[in-house]
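What follows is a single structure, written as structure tokens, with notes after it.
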Amino acid sequence: MSTDTAATPGTDDTALGEPATPPRGPVTSASYSITVRLTADGDPASIGRIATAVGSAGGAVTAIDVVDSRSDGLTVDVTCSAADAAHSEEMVDALRAVPGVTVRKVSDRTFLLHLGGKLEVASRVPLKTRDDLSMAYTPGVARVCLALADNPDDVRRLTIKGNTVAVVTDGSAVLGLGDIGPGRRCRSWRARRSCSSGSPTSTPGRSAWTPRTSTRSSGPSS
């Protein structure tokens with residue numbers, strides 16, 4: 001998280017009787033971070049102009065990765081954080097206005113992280129040999145099934161039942177957002193479950209994904 005605050009104008013820059021222009025100073029957050037793929041001309045100062053454009057729009061540049069470098073230009077991924085969704089759009093507009101720079105695509109990093117969900121189902125025991133598979137699956141699992149038929153009280157001890165939970169919700173109270181439906185409530189629960197159990201199990205890829213309100217582009221996707 002970072003804060004970008006412009007310098008306060010002096011008395012010589014403010015007309016008599018007019019209030020000083022307040023600094024923009026938004027507090028940016030990773031939850032509103034974006035990665036913008038750009039192509040720039042061969043001017044060595046292009047990267048500096050890109051970073052300046054983001055800063056002038058009140059954003060914070062957190063990474064600049066060179067994807068491709070040629071004598072006639074560069075392809076770079078600029079990652080920056082914003083204060084909200086509208087602010088991220090302002091940063092993209094500022095980048096489009098930089099001479100010699102073309103915006104190819106915009107990726108919302110929060111939505112990239114959520115692609116495919118954040119949890120996975122994985123085996124708790126290694127299955128490396130035929131013996132492992134014979135014990136974990138057929139015919140070994142049949143022995144356990146028959147044992148559970150005779151002793152139902154062992155279900156929690158010998159199956160996944162002791163590690164599962166049911167989420168029952170009507171979606172009417174989700175993170176203070178109001179009634180937005182049960183599917184959104186389950187997503188919120190899975191996010192908290194992912195955080196409480198350690199690092200997320202899925203890693204966002206390099207492909208772009210943005211909300212419908214952030215899909216504008218000034219050129220074809222690369």
Side-chain angles (χ1 to χ4, degrees), residues 1-116 175 177 200 202-222:
M1 184 177 293
S2 61
T3 304
D4 182 23
T5 305
T8 302
T11 55
D12 295 338
D13 299 329
T14 305
L16 185 62
E18 294 182 0
T21 302
R24 178 182 175 87
V27 177
T28 63
S29 168
S31 61
Y32 289 104
S33 60
I34 58 175
T35 296
V36 186
R37 175 156 294 187
L38 309 165
T39 54
D41 56 26
D43 185 354
S46 295
I47 298 298
R49 290 197 296 267
I50 289 170
T52 299
V54 174
S56 298
V61 176
T62 57
I64 297 180
D65 300 307
V66 178
V67 178
D68 188 25
S69 177
R70 301 182 182 181
S71 59
D72 58 344
L74 294 172
T75 299
V76 295
D77 284 343
V78 180
T79 301
C80 42
S81 56
D84 51 38
H87 186 205
S88 66
E89 290 286 351
E90 293 177 18
M91 292 192 299
V92 174
D93 290 339
L95 289 170
R96 287 195 176 98
V98 177
V101 171
T102 301
V103 174
R104 294 300 182 186
K105 60 185 176 184
V106 181
S107 303
D108 187 307
R109 297 177 67 232
T110 295
F111 281 84
L112 279 177
L113 184 143
H114 284 259
L115 281 179
L175 298 176
L177 302 177
S202 61
T203 302
R206 299 299 299 171
S207 60
W209 197 102
T210 73
R212 289 187 179 276
T213 56
S214 303
T215 54
R216 296 184 299 169
S217 175
S218 59
S221 298
S222 57

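Since the model is a prediction, treat every value here as computed from it, not as a measurement.
Between the side chain of H87 and the main chain of Y32, no donor-acceptor pair closer than 3.5 Å is present.
Between atom CG of residue D108 and atom NE2 of residue H114 there is a gap of 9.5 Å, rounded to the nearest 0.5 Å. Residue D77 holds its CG atom at 10.5 Å from CD1 of I64, rounded to the nearest 0.5 Å. Residue T102 holds its OG1 atom at 14.0 Å from CZ of R37, rounded to the nearest 0.5 Å.
When the side chain to side chain contact (heavy atoms under 4.5 Å, CB included) test is applied to D43, the partners found at least two apart in sequence or on another chain are D41, A45, S46, R49. By the side chain to side chain donor-acceptor pair (under 3.5 Å) test, S31 pairs with S29, sequence neighbours left out. For T79, the side chain to side chain donor-acceptor pair (under 3.5 Å) partners are T35, not counting sequence neighbours. Remark: S69 engages V66, L74 in a side chain to side chain contact (heavy atoms under 4.5 Å, CB included) (not counting sequence neighbours). Residues passing the salt bridge (charged side-chain N to carboxylate O under 4.0 Å, His left out) test with D68 are R70, sequence neighbours excluded.
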Query raised in the report: When you look at L38 and T75, which way does the side chain to side chain contact (heavy atoms under 4.5 Å, CB included) test go after all the steps?
Result: CA-CA 6 Å; L38 309 165; T75 299; over 6 Å; no
Query - Stepwise side chain to side chain contact (heavy atoms under 4.5 Å, CB included) test for T39 and V101 - result: CA-CA 6 Å; T39 54; V101 171; over 6 Å; no
**Report entry** D65 and V76: CA distance, side-chain angles, deciding distance, side chain to side chain contact (heavy atoms under 4.5 Å, CB included) verdict
**Finding:** CA-CA 6 Å; D65 300 307; V76 295; over 6 Å; no
Query raised in the report: Can you list the steps and then say if V92 with I34 is a side chain to side chain contact (heavy atoms under 4.5 Å, CB included)?
Result: CA-CA 9 Å; V92 174; I34 58 175; 3.8 Å; yes
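A donor-acceptor pair shorter than 3.5 Å cannot be found between the side chains of S81 and S33.
Listed here is the closest heavy atom pair of T110 and A30: OG1-O, 3.9 Å. Residues T28 and G58 come closest through the heavy atom pair CG2-O, 3.8 Å. When all heavy atoms of C80 and V61 are compared, the closest pair comes out as CB-CA, 4.0 Å. Counting all heavy atoms, side chain and backbone alike, M91 lies closest to A82 at CE-CB, 3.4 Å.
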